[in-house]
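Notes follow the structure.
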Amino acid sequence: MPADHVNEGATVDTPLIIGLTGGIGSGKSAAAERFASQHGIHVVDADIKSRVVVEPGRPALGQIVDRFGQAVLQADGQLDRAALRQRVFAEPAERQWLEQLLHPLIRDEIVTDLHSAQSPYALLVSPLLVESGQHRLTRRVLVIDVPQALQISRTLARDGVPEAQVRAILQAQASREERLRHAHDVIVNDRDLATLHAGVDRLHQYYLSLREGAKP
């Protein structure tokens, strides 16, 4: 059963904000898609916001190029995210610099979008929900949980990247134990898509009841 407590650090008042997170290959995107397509829930994706803040013409892109050089740009002037990822995951200090630059900008984009939500509650989807402090924007945290071996095999099959790179990404993300420590709700996604969808549908009804219970 979902734990009936809230994040005391929540700073976004309306609507009810649910943070959805999970490590790479956990299935958080599939869960978010179910909330949106089946239940009409407003979804704010931190990964999309992270792309917005580094679009050509944005100050952050210029700062990234100043630090890492033209090699992190594509021919059309867009950020080469794969090249940048390779650089920062190989050098923890560079990853820390990048996060300090981008996380406040991403947060501003997220807050603006959350405040525009018209659905009974909104979903903030972020792989770095805990690490970035974005969980403080939420009332509850939903973790899509899978064993690490399954994360690795799914990501290798999906992305076709070297296993060493997948393991480096896992190392940079919060541990499974840390995510679960912050969780109010958990869906274990180690079976098929129908099972994941059933977990989402159950929690959707629970979140609606929380929203109704909050009304005067």
Checklist entry - So, the side chain of Asn189 versus the backbone of Ser26: is there a donor-acceptor pair under 3.5 Å, distance only? => result yes
Checklist entry - Which is it for His184 and Thr138 under the side-chain contact (heavy atoms from CB on, under 4.5 Å) test, yes or no, and what are the steps along the way? => result CA-CA 11 Å; His184 302 85; Thr138 71; 5.7 Å; no
Checklist entry - Mind checking whether Leu129 and His182 have side chains closer than 4.5 Å, heavy atoms only? => result no
Next on the checklist: What's the separation between atom CG in Leu98 and atom CD1 in Ile64, rounded to the nearest 0.5 Å?
Outcome noted: 5.0 Å
Item to check | Test item: Tyr207 and Leu142 side chains (from C-beta on) under 4.5 Å apart, heavy atoms | outcome: yes
Checklist outcome for this item: Tightest non-hydrogen contact, residues Asp190 and Pro147, listed as CB-CD, 4.3 Å
Item to check | Salt-bridge contact Glu55-Arg51 (side-chain N to carboxylate O under 4.0 Å) | outcome: no
Checklist entry - Between the side chain of Ser119 and the main-chain N/O of His42, is any donor-acceptor distance below 3.5 Å? => result yes
Next on the checklist: Would you say that Val54 contacts Arg58 through its side chain, given a criterion of any heavy-atom pair below 4.5 Å between the two side chains?
Outcome noted: no
Checklist entry - Are Tyr206 and Leu208 connected in the hydrophobic side-chain network, where two residues link if heavy atoms are under 4.5 Å apart? => result yes
Next on the checklist: If you count every heavy atom of other residues, nucleotides or ligands that lies below 6.0 Å from Arg191 atom CZ, does the total exceed 12?
Outcome noted: no
Next on the checklist: Please say yes or no: joined through hydrophobic side-chain contacts below 4.5 Å, possibly via intermediate residues, are Leu128 and Leu170 part of one cluster?
Outcome noted: no
Item to check | Path from Ile106 to Ile48 over hydrophobic side-chain contacts below 4.5 Å | outcome: no
Item to check | Side-chain (Thr21) to main-chain (Ser126) donor-acceptor, under 3.5 angstrom | outcome: yes
Item to check | Minimum heavy-atom distance between Val186 and Ala183, given as atom pair plus value | outcome: CG2-CB, 3.8 Å
Checklist entry - Can you name the nearest heavy-atom pair linking Ala32 to Leu123, along with the distance? => result CA-CD2, 4.0 Å
Item to check | Interatomic distance, Asp185 atom CG to Asp145 atom CG [nearest 0.5 angstrom] | outcome: 13.0 Å
Next on the checklist: I'd like to know if the side chain of Arg139 and the backbone of Leu16 have a donor-acceptor N/O pair within less than 3.5 Å.
Outcome noted: no
Checklist entry - Same cluster for Leu193 and Val125 if Ile/Leu/Val/Met/Phe/Trp/Tyr side chains link at under 4.5 Å? => result yes
Item to check | Over all atoms of both residues, closest heavy-atom pair of Val72 and Ala83 | outcome: CA-CB, 4.4 Å
Item to check | Phe35/Leu20 under side-chain contact (heavy atoms from CB on, under 4.5 Å): CA gap, chis, key distance, verdict | outcome: CA-CA 11 Å; Phe35 277 107; Leu20 188 158; 4.0 Å; yes
Item to check | Close side-chain approach of Glu109 to Asp113, heavy-atom, < 4.5 Å | outcome: no
Checklist entry - Do Arg34 and Asp201 meet the salt-bridge criterion of a basic N to acidic O distance under 4.0 Å? => result yes
Checklist outcome for this item: Rounded to the nearest 0.5 angstrom, the CZ-CD distance for Phe68 and Glu91 is 7.5 Å
Checklist entry - Just by modelled atom types, is the Ile144 backbone N or O under 3.5 Å from a matching donor or acceptor in the Lys28 side chain? => result no
Checklist entry - How many angstroms lie between NE2 in His197 and OG1 in Thr195, if you round to the nearest 0.5 Å? => result 10.0 Å
Next on the checklist: Parallel, tilted or perpendicular: which one describes the rings of His39 and His204, with boundaries at 30° and 60°?
Outcome noted: parallel
Checklist entry - Mind checking whether Val161 and Val146 sit in one hydrophobic cluster, side chains of I, L, V, M, F, W, Y counted as touching below 4.5 Å? => result no
Checklist outcome for this item: Leu105 and Ala60 have their tightest heavy-atom pair at CD1-CB, 3.8 Å
Checklist entry - What distance do Leu156 atom CG and Arg154 atom CZ have between them, rounded to the nearest 0.5 Å? => result 12.5 Å
Next on the checklist: Taking Ile24's backbone N and O only, do any of them form a donor-acceptor pair with Gln173's side chain (distance below 3.5 Å, no angle check)?
Outcome noted: yes
Checklist entry - Are there more than 12 heavy atoms of other residues, nucleotides or ligands under 6.0 Å from atom CD of Glu99? => result yes
Next on the checklist: Does any part of the side chain of Arg140, heavy atoms only, come nearer than 4.5 Å to the side chain of Tyr121, both counted from C-beta?
Outcome noted: no
Checklist entry - Closest approach of Leu79 and Gln74, non-hydrogen atoms and distance? => result O-NE2, 3.6 Å
Next on the checklist: Strictly distance-based, threshold 3.5 Å: is any side-chain N or O of Glu131 a donor or acceptor partner for the main-chain N or O of Ala174?
Outcome noted: yes
Checklist entry - Distance from His135 atom NE2 to Leu124 atom CG, nearest 0.5 Å? => result 11.5 Å
Next on the checklist: Walk me through whether Arg181 and Val130 qualify under side-chain contact (heavy atoms from CB on, under 4.5 Å).
Outcome noted: CA-CA 10 Å; Arg181 188 174 71 82; Val130 172; over 6 Å; no
